[in-house]
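Structure record follows, encoded as structure tokens.
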Amino acid sequence: METVSTNTAFGGTQGVYRHDSRETGTEMRFSVFVPDHAEGAKLPIVWYLSGLTCTHANATEKGEYRRTCAELGLIFIAPDTSPRGEDVPDDEAYDFGQGAGFYVDATEAPWARHFRMRSYIETELPALIAAEFPMADMERQSITGHSMGGHGALTIALRNPDRFRSVSAFAPIVSPLNCLWGHKALTGYIGADRSVWRDYDACALVEDGARVSAILVDQGGADNFLDEQLKPHLLEEACTKAGIPLTLTIRPGYDHSYYFISTFMDNHLRWHAERLG
């Protein structure tokens, strides 16, 4: 791991780091905010997964999380959304290829070699964090994300209930099986067999028996993608049938942007902090 930059913020350290990933076969960058803490202290972690077209920088620069993380003693980690580089396959559209990894392990050519964001987030990056940040308490982790990253947060938490104490999302894609973004990404990355898609669909995972203790979701009421792509009512229906407590709040007037995310970031961090202890 190499340090790209560090800045002092709210008494803590905001860093950006790079490393050569064995999963993606590329250089990967991510950001970590570590609040001020006593020597030897162990701090809980909140993972934040970004949406389509984003890198680690979007949340790092516009997420407005540092004040609350400094107050509550939370480490905040923001990975990239996909592998990148001249030798990495790409697509002209914004919703496929670089910047649109969908947190899957691709199996279709030419994507399978590099697009392994599921294994990167679930296995490789946590091991790197544990090795390089001794203050990170790997026994106390939570996860959140936005849009495509909300899809990533929900599916990763549902597949790994013993790792995460809580999960939330901002305007998540709750069911790639039932939206055009999902159809395009999952067909391209893992093929046409829709039964395989279920491992990457939060609603399908819940229907198939995956469970978490509770879910928090905020959704902008003025979000242009609400009806065609996001469809939070599908998650509400799945959680109701499964008995999973879901707090879904539609925020009138808010869109899909970081104006929306930054407004409610404090709420989500405090919700996670209560469950992280």
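We use all heavy atoms of the structure for the numbers below, so side chains are in, but hydrogens, waters and symmetry mates are not. Predicted model only: the values in this text are computed from it and were never measured.
In this structure, Arg18 CZ and Arg29 CZ are separated by 7.0 Å, a value rounded to the nearest 0.5 Å. Asp95 contributes atom CG, which lies 10.0 Å from atom CE of Met148 (distance to the nearest 0.5 angstrom). Taking CD1 of Ile77 as the start and CD1 of Ile45 as the end, the distance is 4.5 Å to the nearest 0.5 Å. Atom CG of residue Leu49 and atom NE2 of residue His151 lie 9.5 Å apart, to the nearest 0.5 angstrom. A distance of 10.5 Å separates CG of Asp218 from CD1 of Ile261, quoted to the nearest 0.5 Å. The distance from the OG1 atom of Thr24 to the CE atom of Met117 is 7.5 Å, given to the nearest 0.5 Å.
With salt bridges taken as basic N to acidic carboxylate O contacts below 4.0 Å, one links Arg198 and Glu207. Classification of Arg140 and Asp137 as a salt-bridged pair holds, one side-chain N sitting under 4.0 Å from a carboxylate O. Using a cutoff of 4.0 Å between basic side-chain nitrogens and carboxylate oxygens, Arg84 and Asp90 are not scored as salt-bridged.
Heavy atoms of other residues, nucleotides or ligands lying less than 6.0 angstrom from OH of Tyr259 number 12 at most. A 6.0 Å sphere centred on CG of Asn267 holds more than 12 heavy atoms belonging to other residues, nucleotides or ligands. Heavy atoms of other residues, nucleotides or ligands lying less than 6.0 angstrom from NZ of Lys42 number more than 12.
Contact annotation: the side chain of Leu248 never approaches that of Leu235 to less than 4.5 Å [non-hydrogen atoms, C-beta and beyond]. Using a 4.5 Å heavy-atom cutoff, the side chains of Asp223 and Asp255 are not in contact. You'll find the side chain of Phe76 reaches within 4.5 Å of the side chain of Leu269, heavy atoms only. Contact of the Phe30 side chain with the Val16 side chain is not registered, since no non-hydrogen atoms from C-beta on lie closer than 4.5 Å. The closest side-chain heavy-atom distance from Phe133 to Ile75 is not below 4.5 Å. For the pair Met28 and Pro79, the minimum side-chain heavy-atom distance is 4.5 Å or more. In this structure, Val217 and Ser168 have side chains that are not in contact, with every pair of non-hydrogen atoms separated by 4.5 Å or more.
Contact record, His56 with Ala78: CB-O, 3.2 Å, taken as the closest heavy-atom pair. For the residue pair Val167 and Ala214, the shortest heavy atom distance occurs at CG1-O, 3.7 Å. Between Ala59 and Ser50, the shortest heavy-atom distance links the atoms CB-OG, 4.2 Å. In this structure, Leu158 and Pro161 approach most closely via the heavy-atom pair O-CD, 3.6 Å. Nearest heavy-atom pair, Trp181 versus Ser147, reported as atom, atom and distance to 0.1 Å: CZ3-OG, 4.0 Å. Shown here for His256 and His146, the closest heavy-atom pair between the two residues is O-NE2, 3.0 Å.
Note that Arg275 lies in the cation-pi zone of Trp271, set by a 6.0 Å cut-off to the ring centre and a 45° limit from the axis.
Between the Asp105 side chain and the Ser119 main chain, a donor and an acceptor come within less than 3.5 Å of each other. Between the side chain of Thr187 and the backbone N or O of Lys184, no donor-acceptor pair lies under 3.5 Å. No donor-acceptor distance shorter than 3.5 angstrom exists from the side chain of Trp197 to the backbone of Ala204, with no hydrogens or angles considered.
Judged by distance alone, the side chains of Asp266 and Thr68 do bring a donor and an acceptor atom under 3.5 Å apart.
Ring orientation note: the planes of Phe33 and Tyr65 are nearly perpendicular, at an angle over 60° on the 30°/60° scale. Between Phe260 and Phe170, the ring-plane angle classifies as perpendicular under the 30° and 60° cut-offs.
Under the salt bridge (charged side-chain N to carboxylate O under 4.0 Å, His left out) criterion, no residue pair touches residues 55-67, with sequence neighbours excluded.
Of the options Glu139, Glu122, Gln141, a side-chain hydrogen bond (donor to acceptor under 3.5 Å, both in side chains) to Arg163 is made by Gln141 and by none of the others.
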inquiry  = Determine whether Phe164 and Trp47 satisfy the following criterion, side-chain contact (heavy atoms from CB on, under 4.5 Å), listing intermediate values before the conclusion.
reply    = CA-CA 10 Å; Phe164 297 102; Trp47 294 82; 3.9 Å; yes

key: Full working for ring-ring contact (aromatic ring centres under 6.0 Å, His included) between His19 and Tyr120   = CA-CA 12 Å; His19 72 113; Tyr120 179 72; 5.6 Å; yes

request  = Report the C-alpha distance between Leu177 and Arg194 in whole Å, list the side-chain angles of each, state the deciding distance to 0.1 Å, and finish with yes or no for side-chain contact (heavy atoms from CB on, under 4.5 Å).
outcome  = CA-CA 8 Å; Leu177 279 159; Arg194 291 173 66 92; 3.8 Å; yes

query = Going through the distances and angles, do Phe96 and Trp111 end up as a side-chain contact (heavy atoms from CB on, under 4.5 Å)?
reply = CA-CA 11 Å; Phe96 195 68; Trp111 314 100; 3.1 Å; yes

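For Tyr103 and Tyr200, the ring centers are positioned 6.0 Å apart or more.
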